[in-house]
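A quick write-up on the structure given underneath.
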Protein chains: 2
Amino acid sequence: MADPQFDELSAKQQGILRFLETFIAEHDYPPSIRDIQSGCDISSTSVVDYNLKRLEEKGFIRRDREVSRAIELLGGSAGSRRRTVPVPLLGKIAAGIPIPTPPDASTIEAAPDTIELTEDQTGGRSNVFALRVDGHSMVDALINDGDIVILEPTQSCDDGEMVAVWLKAENETTLKKFFHEGERVRLQPMNATMDPIYTSADNIEVQGRVVTAIRPF
Amino acid sequence: MADPQFDELSAKQQGILRFLETFIAEHDYPPSIRDIQSGCDISSTSVVDYNLKRLEEKGFIRRDREVSRAIELLGGSAGSRRRTVPVPLLGKIAAGIPIPTPPDASTIEAAPDTIELTEDQTGGRSNVFALRVDGHSMVDALINDGDIVILEPTQSCDDGEMVAVWLKAENETTLKKFFHEGERVRLQPMNATMDPIYTSADNIEVQGRVVTAIRPF
DNA sequence: TTCGGAACAGAACATATGTGCCGGAACTGA
DNA sequence: TCAGTTCCGGCACATATGTTCTGTTCCGAA
């Protein structure tokens, strides 16, 4: 969508637009005409209506007529609200400890922190959870200490998917690309220069599919 | 905040809550009492009002009395909306090409794609931009082909910050931790096992501070 | 200057919308 | 069975709120 030019608006219209953003941010619902009137020091409701019509013509907002507070602000303007999902940060992931799966309701309730992610970051999946990487044991997956990995609970996976795997014999959690190869499985590090691990299928336990990895600085 | 128990609600109240979520997701503004009434097949507005009062008592929603459509749904329930910022995806970042800085208004307008990030992911910074990593030249920064790095434009930086640096003599872009050391600078790879680069201060050009790195799968 | 449109003021109007009241059904505990 | 509570239905009412009408002011074009 072509982003409308903010500069082309009159001072009053820019003020209304800013007021809309702050009001919605504050209340979670849009203001009425009279809210805008008092909030922007405008003398008449008709002036507000007039300018809202202009803003609608120019594609900044959408209104549903006859419906109160039915102002929806469009465009990529800062402060727009998108659907986000709270992702529980369930704990740490490290080489030596199994990850807490399956994350049941009580675990999620007790999560001390949650991370807000947009829906495209979770790929629309609803039951994902987050773990903070502890230590440098996953550098072969190009995952650093302090990174956050977003996982989707699963016991099985398709070839080539990035999964968290528990190696029973080795007593170790690792992140690898998964490939079935007859009796055994191949666990391929993301780092192409490193060699894969081969092990028997019953030595491993898939604990989750990696949806995203995030590294905050 | 203790998340209220969804199960404790009557079927009607659960229906109302779900209707609220979908209505807000669809319209960007909350429904009126009568919208809920028809949307949930409830016979009377007073019943809706009654159940909304219960929902408010139990902490699922907040209402502003006397104000139409002033229903704000609380809690980490899926479908909540948070403030997000659109981050322009300006292009690729690769070893051999300088990154497009400074990103001026026209560049940003012309950005073919934008990524929605939550405000905590951008650290509240407003002028960040995103680049998709092309190639494996930054594995020493634990950044993979296809990763997305979020940058904040800057020409200078403090010691220890992760920055995108243009090496003039080498004709190369790289991501390193930056340290002033007298006449020269030390560029430290994130991967602790790798050796730093030392070069003179006037051979480098800081192009941006790395805010976040995201790896979608 | 005159004309016309854009923007504004003020008020009246029509409807949208939350709320209160009364009564009844369904259930509960004594 | 009876009183009490919870929940529902229906309706009227007050007000919150969008819309419209009339007139005014400002400003640039002809």
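Order of the sequence lines sets the chain letters (A, B, ...), proteins ahead of strands, with each chain counted from 1.
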Rounded to the Å, how far apart are [X] [atom1] and [N] [atom2]?
X	N	atom1	atom2	value
B:E66	D:dC13	CD	C1'	12 Å
A:E56	D:dT19	CD	C1'	14 Å
B:D64	C:dT19	CG	C1'	15 Å
A:I36	D:dA16	CD1	C1'	14 Å
B:I71	C:dT19	CD1	C1'	14 Å
B:I33	D:dA12	CD1	P	19 Å
A:Y29	C:dA16	OH	C1'	17 Å
A:D49	C:dA11	CG	P	18 Å

C:dG20 OP1/OP2 closer than 4.0 Å to side-chain N/O of B:R65: no

Aromatic plane relationship, B:F23 with B:H27 - under 30° parallel, 30 to 60° tilted, over 60° perpendicular: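 B:H27 vs B:F23 ring planes: parallel.
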
Nucleotide nearest [X] (side chain, heavy atoms from C-beta), chosen from [options]:
X	options	value
B:K12	D:dC8, C:dT19, D:dC11	D:dC8
B:S32	C:dT15, C:dT17, D:dC8	C:dT17
A:S46	D:dG18, D:dT20, D:dT17	D:dT20
A:Y50	C:dC8, C:dG18, D:dT17	C:dC8
B:R69	C:dC8, D:dT19, C:dG18	C:dG18

Polar side-chain atom of A:Q13 near backbone of A:S10 as donor-acceptor pair, under 3.5 Å: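 Flag set: sc A:Q13 to bb A:S10 pair under 3.5 Å.
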
Side-chain donor or acceptor of A:R62 paired with backbone N/O of A:E56 under 3.5 Å: no

5'-most by nearest nucleotide on DNA chain D - B:V67 or B:V47: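 Taking each residue's closest nucleotide, the earlier one in sequence belongs to B:V47.
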
Toward the 5' end of DNA chain D, by each residue's nearest nucleotide, A:S68 or A:K53: A:S68

Closest approach of A:R209 to A:T154 (non-hydrogen atoms, all atoms of both residues):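 Shortest heavy-atom contact: N-CG2, 3.5 Å.
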
Shortest non-hydrogen separation from B:F217 to A:A213 and the atoms involved: CE1-N, 4.1 Å

Most 5' of A:N51 and A:R34 on DNA chain C, judged by nearest nucleotide: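 By nearest-heavy-atom nucleotide position, the 5'-most residue is A:N51.
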
